[in-house]
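Read through the structure below, which is laid out as structure tokens, and then see the notes.
Quick note: residue numbers are just sequence positions, from 1. None of these values were measured; they are calculated from a predicted model.
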Amino acid sequence: MSSGVADMPARTDQIYAAYFKALFAEPGKAQSEFQILATESPLLTSYGMALFAGERCDIPKPSANLIRAAGGDAAFKTEAGKKVFAVAGVVATMEFPTEENEGVFCDAARKLIEASEKVAAAQK
């Protein structure tokens with residue numbers, strides 16, 4: 001249970017690299033993939049968003065409970081985890097047309113993470 005960069009998917013991983021590139025090839029692809037991943041793997045997606053959007057959106061670091069429930073950093077080495085890592089990184093660093101749009105994004109990220117924190121705490 002770390003959170004070190006060394007534990008994250010290598011940019012030389014071909015599956016990760018192809019997926020990451022595809023996120024930029026089609027407008028709206030990253031956002032639609034985020035919605036899919038948040039539905040399929042909400043705890044892992046919340047963990048990824050907490051890592052990437054935490055500072056931007058003033059979200060606390062993920063709790064030990066959430067990290068554990070999401071599968072820890074090892075989860076980012078799975079195919080689903082590599083997708084979450086790529087999508088969360090792209091979505092969390094996007095430029096938004098207005099501050100209001102960014103605020104909506106941050107509110108949604110915060111709500112997803114807060115809900116996942118409650119689920120993770122209950123799984124303790």
Side-chain angles (χ1 to χ4, degrees):
M1 220 179 26
S2 67
S3 275
V5 175
D7 296 327
M8 302 307 170
R11 299 218 185 261
T12 56
D13 179 299
Q14 291 187 358
I15 294 171
Y16 175 81
Y19 185 75
F20 190 79
K21 185 177 179 181
L23 293 175
F24 291 99
E26 182 183 325
K29 175 80 170 170
Q31 294 92 323
S32 65
E33 285 292 303
F34 176 79
Q35 292 298 327
I36 292 166
L37 292 168
T39 301
E40 291 177 353
S41 304
L43 296 174
L44 181 58
T45 303
S46 295
Y47 177 30
M49 286 305 293
L51 293 176
F52 282 104
E55 188 174 315
R56 178 182 195 168
C57 297
D58 197 28
I59 297 169
K61 292 193 180 301
S63 69
N65 289 333
L66 179 57
I67 294 169
R68 184 176 43 258
D73 287 348
F76 290 121
K77 295 181 182 184
T78 66
E79 186 175 343
K82 289 175 187 179
K83 287 181 177 182
V84 166
F85 189 82
V87 170
V90 170
V91 172
T93 58
M94 287 174 34
E95 291 291 323
F96 290 92
T98 66
E99 284 185 27
E100 182 180 343
N101 292 127
E102 185 171 353
V104 168
F105 162 75
C106 286
D107 287 344
R110 191 174 296 105
K111 286 177 185 173
L112 174 67
I113 293 165
E114 287 172 356
S116 294
E117 287 283 6
K118 288 178 184 175
V119 170
Q123 291 180 0
K124 222 162 108 165

Handout entry: Centroid-centroid distance, F20 to F85, less than 6.0 Å
Key = no
Handout entry: A121 versus N65, closest heavy-atom pair with distance
Key = CA-ND2, 3.9 Å
Fill in the blank from the handout: Separation between CD1 (I59) and CD (E114), nearest 0.5 Å, reads 8.0 Å
Handout entry: E79 CD: over 12 foreign heavy atoms closer than 6.0 Å
Key = no
Handout entry: Same apolar cluster (I L V M F W Y, side chains within < 4.5 Å links), M49/F96
Key = yes
Handout entry: Smallest separation among heavy atoms of S116 and P42, with atom names
Key = OG-O, 3.5 Å
Practice task
Might you point out which heavy atoms bring R56 and V91 nearest each other, and give the distance in Å?
Solution key: NH1-O, 4.3 Å
Practice task
Treat each ILVMFWY residue as a node, draw an edge where side-chain heavy atoms are under 4.5 Å apart, and state whether V87 and V104 are in one component.
Solution key: no
Practice task
Write down the atom of A50, the atom of P62, and the distance for their closest heavy-atom approach.
Solution key: CB-CD, 3.8 Å
Handout entry: Derivation and outcome, side chain to side chain contact (heavy atoms under 4.5 Å, CB included), residues M94 and F105
Key = CA-CA 10 Å; M94 287 174 34; F105 162 75; over 6 Å; no
Fill in the blank from the handout: In this structure, CZ of F34 is separated from NZ of K83 (nearest 0.5 Å) by 15.5 Å
Completion exercise
Separation between OG (S63) and CZ (R68), nearest 0.5 Å, reads 8.0 Å
Practice task
Kindly compute the distance separating CG (N101) from CD (E95), expressed to the nearest 0.5 Å.
Solution key: 12.0 Å
Problem - From CD1 (I67) to CG (L51), nearest 0.5 Å - result: 7.0 Å
Practice task
Any chance you could measure E117, atom CD, to L43, atom CG, to the nearest 0.5 Å?
Solution key: 9.5 Å
Practice task
Can you see which heavy atom on L37 is nearest to which on T45, and at what distance?
Solution key: O-OG1, 3.0 Å
Practice task
Give the C-alpha distance, both sets of side-chain angles, the deciding distance and a yes or no for side chain to side chain contact (heavy atoms under 4.5 Å, CB included) between V90 and E33.
Solution key: CA-CA 11 Å; V90 170; E33 285 292 303; over 6 Å; no
Problem - Nearest heavy-atom neighbours spanning F76 and G81 - result: CD2-O, 3.4 Å
Handout entry: Hydrophobic cluster identity match, I36 and F24, side-chain contacts under 4.5 Å
Key = no
